[in-house]
Structure formats: C-alpha cells, structure tokens
Amino acid sequence: MRSAVLLLSLLLTAAPFGLLGEETRQVSLKVISDWLHPSQNLLHIQAVGATSTLHYVWSSLGPPAVLLVATNTPNSTLSVNWNLLISSKPDGGIVVLPKESIQFSSALVFTRLFEFDSTNTSDAAAKPPGKSYPPYSLADFSWDNITDSLDPATLSATFRGHPIHDPTGAFASGSLAFRVQAFSRSGRPAQPPRLLHTADTCQLEVDLVGASPRGNHSLFGLEVATLGHGPDCPSVQEQHSIDDEYAPGVFQLDQLLWGSLPSGFMQWRPVAFSQKQGGRESAMPCQASPLYPTLAYLLPQSPIVRAFFGSQNNFCAFNLTFGASTGPGYWDKHYLSWSMLLGVGTPPVDALSLLVVGIMAVALGAPALMLLAGGVFLLLGHKRYSEYQPIN
C-alpha cells in the first residue's frame with residue numbers, strides 16, 4: 001500500500017519543465033522587414049530569461065527555414081544586414097551579438113514537398129510508398145507577406161504559399177502553409193496531437209489544403225534538412241508510453257536531438273490528420289526516414305542559413321511521409337495537417353494523465369488492501385476462537 005501511494009505521489013509531482021533551467025521567459029514575436037523591399041521579411045521570436053535568451057528566426061527567403069540560437073545572456077540581440085542577406089553571397093548577413101554568448105545554434109530547412117501515387121501499393125512500409133511524381137521545390141514557391149498574418153495576441157504568424165510555376169494548376173485553389181506559434185507559458189493546444197509546450201519552445205503546424213493531387217490515392221511527404229554537428233548527423237529517438245490521452249491511438253513520441261544536452265531538439269508525434277478537426281477517425285501515420293548525410297549543393301539553398309553559418313557546412317536530411325495506401329488520406333478532404341515542436345534544452349516530457357495514474361494506483365493498491373483485509377480477518381478470527389473456553 002505504501003509503495004502504491006509513493007508511486008502515485010511521484011507521478012503527480014513529476015514536472016515537465018526545466019528547459020535551460022528557466023521556467024519563465026518574456027516572449028516576443030516581430031517581423032523584421034527590408035525597408036527597400038517590404039515583401040522580404042523575417043519572423044523573429046525572442047524568449048528572454050533571467051540568464052539566457054533564445055532566438056528563433058523564421059524565413060521564406062528561398063525554402064522555408066528557421067535558425068535556432070541560444071545564448072547565456074538576457075541581453076543578446078539579432079542583427080540583420082539586408083544588403084548582404086539578399087545578395088548572391090549572404091555570408092554574415094545575420095548575426096547574434098555578442099557572438100561569444102552563443103551556446104548552441106543550428107537550423108532546419110524545409111526543402112521539398114513530395115507526392116506519391118499509392119494506388120497499387122499494399123505494403124505500408126514500402127520505400128518509396130508508391131510511384132513518385134516530380135517533387136515541388138519549396139524554394140520555387142511564392143509566399144504571402146508574413147505581416148498580414150501576424151497575430152501578437154496568440155504569438156503566431158503563417159507563411160502561406162503556392163508554386164510560382166504551376167502548369168497543371170494543382171495549386172489553383174490550394175496552398176501550403178507553415179503556421180508558427182510561440183508560447184508565453186506551458187500548456188497544450190486544444191487540437192491533437194496536443195504536444196506539451198513551454199516558453200522555451202515554438203510550434204510549427206504544416207497544412208496542405210485544397211491542392212489537387214496528381215493521383216487518385218496520393219500520399220505527400222516533406223523533405224527536412226538540418227546542419228550536422230561534426231561528421232555525424234543528429235540522432236532520432238523514439239519514446240513510448242502507455243498513455244494516449246492527448247493523441248488517441250498514438251503511444252509514441254519522436255524527437256531529433258542535435259547533440260548532448262543542453263542542445264536543440266525537434267519533437268513530434270508520428271501522426272498527421274486528414275481533417276481540420278483532428279481525431280482518431282482522421283489520423284494518418286507519419287513515417288520518418290533515417291537521417292542521411294547530403295551535400296549542400298543537392299538541396300535548395302536557404303539564404304538565412306548561409307548568412308548565419310557561412311557556406312562550409314555539413315548537411316543531413318530526412319523525409320517525412322504522411323498517410324498509407326489504406327485508411328484516412330489526403331484524398332478524403334484535400335486536407336493534411338502535421339505539427340512539431342522546436343526548442344533548446346531538455347525536451348518536454350509527458351507526465352501520465354490523472355486517469356492512468358488513478359488506474360495504476362487502484363491496480364497496485366487493490367492487492368495491498370486485500371492482503372491487509374485478509375490479515376485483519378485472520379487476526380480477529382483467531383482472537384475470537386482463542387477466547388472460547390471448552391466445557392468440562
């Protein structure tokens with residue numbers, strides 16, 4: 001019984017916080033524009049703590065990309081030289097000062113949108129999952145001005161785009177959107193997969209809406225590139241749980257780690273949704289390929305990555321594929337949504353829900369109560385019979 005109570009206490013008091021050792025931050029979100037070309041801009045998320053600052057710099061110059069920079073001072077600043085950034089050699093166009101305060105830095109680049117025809121594919125694990133159509137290079141998309149979607153109340157903004165050249169008219173009434181959101185406190189979104197966020201993280205939601213597929217059973221995928229630290233690629237870990245309260249039917253959490261902690265991380269559940277109101281009936285599997293080294297010239301180039309890191313970098317890439325040949329799919333509503341978290345420090349950890357904690361407490365406590373009741377019964381029964389005096 002004591003062990004059950006102790007387990008219940010530990011589960012209830014487990015804290016999913018502590019990223020970089022700071023629980024509160026002043027979080028701001030703003031657009032940095034080029035005065036000469038107002039349509040060219042960056043989205044800067046800054047999270048300032050007592051002893052550190054996190055900078056997330058999102059951009060749709062070239063393919064959509066984000067810089068992650070963590071410093072050990074609350075006074076670090078972002079500096080952008082637009083003349084360099086939009087030139088053919090953007091090296092040095094973005095800096096975080098003071099440079100010696102930088103503790104971690106990396107980047108993610110979303111390079112291509114894949115499409116596969118899974119009509120004649122029965123193996124859900126097939127690679128590729130069907131006939132490949134020519135991919136869409138996200139560097140060749142036209143993106144709406146981020147200022148139009150900036151929402152300071154929710155600390156969010158959306159990069160929405162479509163191919164510049166669309167000879168088949170696939171995106172005539174469709175779009176690909178990258179919705180970025182920062183957070184001033186810990187919590188979860190209302191919609192699945194309800195990833196646990198803190199003020200140290202920001203969330204990306206990728207939505208493909210209304211685009212006409214090139215096949216009857218098209219699956220879509222996303223190529224993601226990142227910087228390798230040294231000769232090795234970042235590692236990907238899978239975490240499994242017995243609790244699916246926040247994403248029904250999903251008992252796994254995947255995360256990409258750039259190195260030993262504290263470093264950066266990318267965190268997601270292996271699920272996407274084919275309807276806006278995500279739920280079990282519209283859940284689709286999300287499969288991630290292993291990371292593989294690749295050469296920079298094989299990828300669509302991101303100006304902000306080169307502006308901050310220079311031209312000599314090791315890149316790694318992996319592919320995310322959404323859906324399977326059977327079950328819910330993009331073909332249902334011409335809708336696909338997938339979410340991820342990006343942060344620096346120790347990734348948030350899901351504590352077990354109160355329902356599961358209660359079930360475990362009952363399961364562990366019931367045998368102890370039965371043993372205790374049995375012992376009391378035997379003790380009282382033995383005492384009663386021991387007081388019997390035989391008649392001579």
Side-chain angles (χ1 to χ4, degrees), residues 63-64 110-138 140-141 161-163 165-178 191-193 204-225 236 238 244 247-254 256 268-292 294 298-300 317-340:
F110 301 89
T111 49
R112 297 182 179 94
L113 178 68
F114 294 118
E115 184 178 355
F116 309 95
D117 184 1
S118 66
T119 303
N120 299 318
T121 304
S122 57
D123 183 4
K127 309 239 184 305
K131 183 186 74 174
S132 300
Y133 294 103
Y136 296 100
S137 173
L138 300 188
D140 298 328
F141 270 48
H162 57 271
H165 304 291
D166 187 16
T168 64
F171 280 80
S173 57
S175 65
L176 178 66
F178 289 74
Q191 293 295 322
L204 171 67
E205 179 182 316
V206 181
D207 295 329
L208 179 63
V209 183
S212 299
R214 289 172 281 186
N216 293 328
H217 273 69
S218 283
L219 303 181
F220 287 89
L222 195 62
E223 181 183 54
V224 185
V236 174
E238 296 180 359
D244 69 338
V250 182
F251 298 89
Q252 181 177 322
L253 184 69
D254 296 338
L256 180 149
W268 70 97
R269 294 191 188 278
V271 64
F273 297 95
S274 62
Q275 296 182 31
K276 190 168 186 178
Q277 299 299 324
R280 189 190 298 267
E281 67 282 353
S282 63
M284 304 182 293
C286 168
Q287 299 184 22
S289 73
L291 272 82
Y292 55 89
T294 186
L298 297 176
L299 299 170
F318 66 103
N319 301 331
L320 296 165
T321 305
F322 310 110
S325 57
T326 59
Y330 180 77
W331 51 82
D332 292 332
K333 300 287 185 180
H334 285 187
Y335 181 89
L336 185 154
S337 179
W338 172 79
S339 301
M340 56 156 269

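Predicted model only: the values in this text are computed from it and were never measured.
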Looking at every non-hydrogen atom in both residues, tell me the closest pair between [X] and [Y] and how far apart they are.
{"X": "W268", "Y": "L256", "value": "CZ3-N, 3.9 Å"}
{"X": "V271", "Y": "W338", "value": "O-CD1, 3.4 Å"}
{"X": "S282", "Y": "Q277", "value": "OG-O, 4.0 Å"}
{"X": "L299", "Y": "A225", "value": "CD1-CB, 3.7 Å"}
{"X": "S339", "Y": "E205", "value": "OG-CG, 3.8 Å"}

Evaluate the criterion side chain to side chain donor-acceptor pair (under 3.5 Å) for residue pair T119 and N216; output intermediate values, then yes/no. CA-CA 7 Å; T119 303; N216 293 328; 5.2 Å; no
Quick one: pull up [atom1] in [X] and [atom2] in [Y] and give me the separation to the nearest 0.5 Å.
{"X": "S337", "Y": "Q275", "atom1": "OG", "atom2": "CD", "answer": "11.5 Å"}
{"X": "S175", "Y": "D207", "atom1": "OG", "atom2": "CG", "answer": "8.0 Å"}
{"X": "T111", "Y": "L298", "atom1": "OG1", "atom2": "CG", "answer": "11.0 Å"}
{"X": "M284", "Y": "T326", "atom1": "CE", "atom2": "OG1", "answer": "12.5 Å"}
{"X": "D140", "Y": "H162", "atom1": "CG", "atom2": "NE2", "answer": "12.5 Å"}
{"X": "K276", "Y": "L336", "atom1": "NZ", "atom2": "CG", "answer": "14.5 Å"}

Would you check if [X] and [Y] make a side-chain contact, meaning some heavy-atom pair closer than 4.5 Å?
{"X": "K333", "Y": "S274", "answer": "no"}
{"X": "R269", "Y": "Q252", "answer": "no"}
{"X": "Y136", "Y": "E115", "answer": "yes"}
{"X": "W331", "Y": "S218", "answer": "no"}
{"X": "T321", "Y": "L222", "answer": "no"}
{"X": "D117", "Y": "L219", "answer": "no"}
{"X": "F322", "Y": "P285", "answer": "no"}
{"X": "L138", "Y": "E223", "answer": "no"}

Polar side-chain atom of S118 near backbone of H217 as donor-acceptor pair, under 3.5 Å: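 At least one qualifying donor-acceptor pair exists.
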Can a donor-acceptor pair be found, under 3.5 Å and without considering hydrogens, that links the side chain of D166 to the backbone of P163?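 Not confirmed, D166 side chain does not pair with P163 backbone.
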Going by the angle between their ring planes, with limits at 30° and 60°, are F220 and Y330 parallel, tilted or perpendicular?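 Ring orientation, 0 to 90° scale: perpendicular.
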Checking side-chain contact (heavy atoms from CB on, under 4.5 Å) for the pair Y335/L208: CA distance, chi angles, key distance, verdict? CA-CA 6 Å; Y335 181 89; L208 179 63; over 6 Å; no
Measuring centre to centre across the rings, with the benzene-like ring taken for any Trp, is F141 within less than 6.0 Å of F171?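 When the ring centroids of F141 and F171 are compared, they turn out to be within the sub-6.0 Å range.
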